[in-house]
Amino acid sequence: MKELQTQYQKILSDFLANQTERNLYIGQNFIRQLIQKKVAPEEVINIHKYAIEQIYPDLPEDISHSYDFLIEIMVHFGLTLKEHQSLLEQQEELRMEMNVATKIQNMILRTTVPMLNQIDIGMLSVPIRKMNGDYVHFLNNNNSVVSVAVTDVVGKGVPAALCMSMVKYGLDTLEYATKDPSYILEVLNRIIEKSVDDSMFVSMFYGTYNIKESKFTYGSAGHEPAIYYNARKNTFFDLESKGLLLGVMPEVTYPQYDIHLEDNDFIIMITDGVTDFRKQGELDPRDVIKNLALSCNHLSAQKMCEEMYTYLKNLPDFELEDDFTVVIFKK
Amino acid sequence: MKELQTQYQKILSDFLANQTERNLYIGQNFIRQLIQKKVAPEEVINIHKYAIEQIYPDLPEDISHSYDFLIEIMVHFGLTLKEHQSLLEQQEELRMEMNVATKIQNMILRTTVPMLNQIDIGMLSVPIRKMNGDYVHFLNNNNSVVSVAVTDVVGKGVPAALCMSMVKYGLDTLEYATKDPSYILEVLNRIIEKSVDDSMFVSMFYGTYNIKESKFTYGSAGHEPAIYYNARKNTFFDLESKGLLLGVMPEVTYPQYDIHLEDNDFIIMITDGVTDFRKQGELDPRDVIKNLALSCNHLSAQKMCEEMYTYLKNLPDFELEDDFTVVIFKK
Amino acid sequence: MNAKSTVEIVTEWDIVAARQLGRNEAKAIGFGAVDQARITTAISELARNIYLYARSGEVTIERISNEEKVGLRIIAADKGPGISNLKKVMEDGYSTSGGLGAGLPGVKRLMDTMDIQSHVGNGTTIVIEKWVK
Amino acid sequence: MNAKSTVEIVTEWDIVAARQLGRNEAKAIGFGAVDQARITTAISELARNIYLYARSGEVTIERISNEEKVGLRIIAADKGPGISNLKKVMEDGYSTSGGLGAGLPGVKRLMDTMDIQSHVGNGTTIVIEKWVK
Ligand SMILES: [Mn+2]
Ligand SMILES: [Mn+2]
Ligand SMILES: [Mn+2]
Ligand SMILES: [Mn+2]
């Protein structure tokens with residue numbers, strides 16, 4: 001402390017003698033060191049008072065006392081700063097805890113993209129925070145039927161991640177059931193409505209592809225509509241479906257529809273994080289995505305996913321604010 | 001700001017005139033208001049400087065300038081305080097997020113205590129933080145066999161909670177399998193070893209009670225030994241079992257043992273949070289618990305659990321530092 | 001020879017009296033200006049809590065010493081409602097201090113040691129100590 | 001008539017020159033003592049970053065005005081490595097400021113507005129503004 005006192009007094013008297021910007025710069029640098037040494041503001045006032053008294057031995061007593069008043073009131077600022085240090089430590093601990101939690105979450109939600117000859121599948125899912133609130137679940141039974149569930153939990157962070165565990169659990173239990181989207185969505189809806197907090201809802205797009213018949217059957221629960229490109233007609237179609245978010249009401253039915261896929265057709269399934277940007281001139285987000293898909297249609301499904309992400313991420317307007325998930329089925 | 005200036009000047013000049021403790025008390029109260037209004041320390045120095053200049057018009061110019069130096073260095077304290085406010089807000093958000101997460105977690109891990117005539121079952125599980133790292137899973141199939149798994153994740157907080165979800169999924173999937181503790185522990189060990197982070201381990205005590213035969217079969221994976229009280233011999237036995245924590249190595253076998261339960265016998269299954277206190281005189285923690293159980297043996301299994309918790313919680317030495325779980329089977 | 005004085009806390013101005021006593025004792029023992037301010041602030045917080053939440057209580061200030069050093073012990077005792085969740089009260093955060101950093105965690109940081117005995121319906125006794133370094 | 005002056009940042013004393021320029025301009029426009037200190041500290045932080053992390057750069061200080069008020073705009077530009085993770089750099093916390101509250105989040109709080117353009121390998125340009133209230 002004596003050391004700090006001497007240094008401070010030198011810096012202060014230099015300033016009072018010369019009053020240059022350089023003195024102030026040196027003073028601020030000195031204070032940074034003090035703060036990192038956890039010196040409190042009331043101690044700094046005390047050091048200042050003592051330095052002033054040394055530099056001006058004829059200092060009026062009143063001015064001396066005025067520093068005592070300043071010291072007294074600075075104690076409260078000091079208290080707030082001490083609380084700050086404590087909070088910083090807590091924050092560090094929590095950060096490390098969330099890192100481990102994220103690792104575990106990622107393992108629980110790990111999914112392999114099926115590699116098949118008859119259909120090219122690609123997937124990319126980028127979370128906005130540490131824990132992903134979107135989840136893609138593939139099911140490949142004996143290579144005759146490939147199914148995919150694209151799920152988006154309404155909400156972010158830890159609660160969303162836990163809710164997602166419930167969804168995965170439900171999908172795992174349904175593994176050997178029939179693959180009808182209607183049925184799957186109905187059952188999941190009941191599980192989620194019963195099990196999870198009243199304020200947590202889940203949107204899902206469920207599609208199942210019958211390889212032999214090249215038939216894609218899909219249903220949706222309040223989810224961002226998928227995009228279907230028909231190569232022969234060179235036209236895009238929106239795959240919508242009337243269906244309530246999962247978990248709102250116990251008894252809900254979900255319609256399902258079929259599409260026949262021909263060579264060079266593709267289906268893009270996304271979550272709403274992908275369309276979360278402003279109109280680009282005349283084009284609204286879904287049009288932008290359709291054009292983008294066409295422009296990289298020559299690439300593999302996986303490369304298409306990555307291209308779309310890179311392009312959209314670099315749009316000047318695009319402030320990624322939600323988990324970003326895209327799945328592409330390409331014949 | 002002008003208002004604050006005038007008030008401060010009054011308080012300061014009162015102090016300089018009278019220098020009583022009362023003035024300092026009023027000054028500190030005033031500063032508390034300023035801090036809550038988010039006034040920064042450098043602004044306070046400025047207010048002080050101006051007030052001093054008003055009170056002492058003949059103030060030497062150097063002293064005036066010395067306040068400028070003080071203002072400059074206080075800016076850095078001010079920066080740290082502003083970061084503090086921002087951290088407080090973040091902390092609030094995180095706190096609310098963890099509340100929702102806890103609700104979901106509690107729903108996922110919800111378990112009903114079986115109510116049977118032939119055996120009285122009680123359970124109490126109190127987490128040390130928001131999310132419980134202990135988990136009790138009951139299975140009651142057609143009232144002929146009642147099983148219980150008492151699980152303790154090594155670790156606390158969010159990661160432990162997620163790991164616990166994995167355990168629950170595992171137990172649920174094994175629901176219709178044979179009830180042999182050896183088998184259950186073997187399968188769970190493989191699931192956890194494969195699925196979860198290398199640093200997460202789980203201890204488990206698994207017991208299954210055959211009602212018709214009054215036979216309790218148990219096995220344990222690195223878990224705190226259960227306590228068995230034989231009424232006829234009026235003796236306690238420790239139910240230990242050699243078995244590695246779940247999730248360490250892929251191929252591990254777990255031995256199992258049988259006990260025949262007679263009227264007034266009871267079994268206490270706990271997690272290590274229950275024995276986490278210092279020796280009470282000559283008695284080590286497990287002895288304390290045994291005596292405690294005997295002393296309230298006339299109560300129902302549920303009441304026994306609650307009594308034990310209340311008693312242990314109020315021990316002067318007992319600083320509850322871990323999740324506290326106790327399950328009692330009473331014939 | 002341990003000097004010991006007690007101030008009863010009933011009105012807000014008793015807080016000032018307790019502060020004054022604390023400051024005098026701190027000065028007499030040899031605490032510097034900053035520590036005098038901190039001890040006084042700690043006494044102020046404890047006395048304020050008594051004044052705000054317990055019907056009445058008292059603050060006792062006692063000089064303490066061991067072979068190496070001297071210090072001050074302050075005991076704030078009341079028969080108020082008592083603290084139901086001690087852990088929560090000692091946690092930092094917006095809820096406990098309103099962002100002021102004050103409250104019991106703050107008092108603990110101003111002093112060297114703090115010990116709390118409190119039971120619901122039976123009052124609270126807080127003992128804080130600070131040694132001259 | 002927008003006065004505009006630039007200081008090239010190469011040595012540590014150029015930081016002082018940039019501060020001086022900023023303080024003079026701030027004083028001339030009518031900022032009070034506290035705001036002068038804040039603006040100078042913000043300039044100091046930005047210039048220090050240039051000095052520490054980019055090979056060189058410059059700080060430009062410009063008087064600005066609209067119908068209602070006057071103010072200062074400071075542009076800190078460099079051809080340094082660029083900021084790879086802007087979001088992370090603007091987050092509060094131990095990692096970014098060492099508990100000092102400084103860094104870019106700190107600069108943002110000292111001023112009214114802050115805009116950052118930065119690309120990896122292409123340098124960084126930060127524009128901050130503060131208006132006389
Ligand atoms: Mn979402
Ligand atoms: Mn979304
Ligand atoms: Mn545990
Ligand atoms: Mn434990």
Side-chain angles (χ1 to χ4, degrees), chain B residues 1-9 12 31 34-35 37-55 59-95 97, chain D residues 15-27 30-49 69 72 74 87-114 126 128 130-133:
Chain B
M1 197 50 112
K2 268 218 155 301
E3 175 64 28
L4 296 174
Q5 182 72 52
T6 326
Q7 280 186 278
Y8 185 87
Q9 200 169 310
L12 178 59
I31 275 297
L34 290 195
I35 294 182
K37 285 197 175 86
K38 305 215 198 296
V39 173
E42 62 266 29
E43 286 170 296
V44 170
I45 304 292
N46 196 35
I47 291 174
H48 180 90
K49 168 189 176 186
Y50 189 74
I52 287 283
E53 284 173 345
Q54 297 298 302
I55 298 172
L59 192 73
E61 220 185 310
D62 272 354
I63 307 297
S64 234
H65 285 310
S66 75
Y67 285 112
D68 290 331
F69 188 78
L70 214 44
I71 290 175
E72 197 81 13
I73 63 181
M74 277 296 156
V75 170
H76 267 287
F77 278 110
L79 276 177
T80 313
L81 278 163
K82 286 191 172 79
E83 184 185 76
H84 178 61
Q85 282 148 11
S86 163
L87 275 185
L88 275 180
E89 281 156 30
Q90 269 185 51
Q91 195 205 36
E92 256 314 286
E93 274 180 36
L94 208 61
R95 215 177 48 82
E97 189 174 304
Chain D
I15 300 176
V16 179
R19 288 173 64 114
Q20 182 76 74
L21 183 61
R23 191 183 299 274
N24 293 347
E25 289 294 281
K27 203 165 186 169
F31 279 107
V34 171
D35 280 337
Q36 285 176 42
R38 287 175 172 161
I39 292 171
T40 309
T41 306
I43 294 174
S44 199
E45 283 290 309
L46 296 183
R48 234 176 106 83
N49 281 350
K69 42 194 182 172
L72 228 52
I74 295 114
K87 212 169 187 289
K88 187 157 196 214
V89 150
M90 288 306 294
E91 254 175 36
D92 280 311
Y94 201 72
S95 43
T96 47
S97 70
L100 273 172
L104 292 181
V107 171
K108 187 169 185 176
R109 292 195 192 104
L110 290 167
M111 307 296 285
D112 290 341
T113 63
M114 177 162 91
I126 303 180
I128 51 180
K130 199 171 180 74
W131 299 90
V132 180
K133 289 166 198 62

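Below, chain A is the first sequence line, B the second, and so on; all start at residue 1.
- Side-chain contact check for D:Arg38 versus B:Glu43: some heavy-atom pair is nearer than 4.5 Å.
- The two residues B:Leu79 and D:Gly106 make their nearest non-hydrogen contact at CD2-O, 3.4 Å.
- The side-chain heavy atoms of D:Thr40 and B:Glu72, taken from C-beta on, include a pair separated by under 4.5 Å.
- Listed by sequence position, D:Arg19, D:Arg23 are the residues of residues 15-27 of chain D in contact with chain B, using a 4.5 angstrom heavy-atom cutoff.
- From B:His76, atom NE2 reaches atom OG of D:Ser44 across 6.5 Å, with rounding to the nearest 0.5 Å.
- In this structure, the separation between CD1 on B:Ile73 and OG1 on D:Thr41 is 11.0 Å, given to the nearest 0.5 Å.
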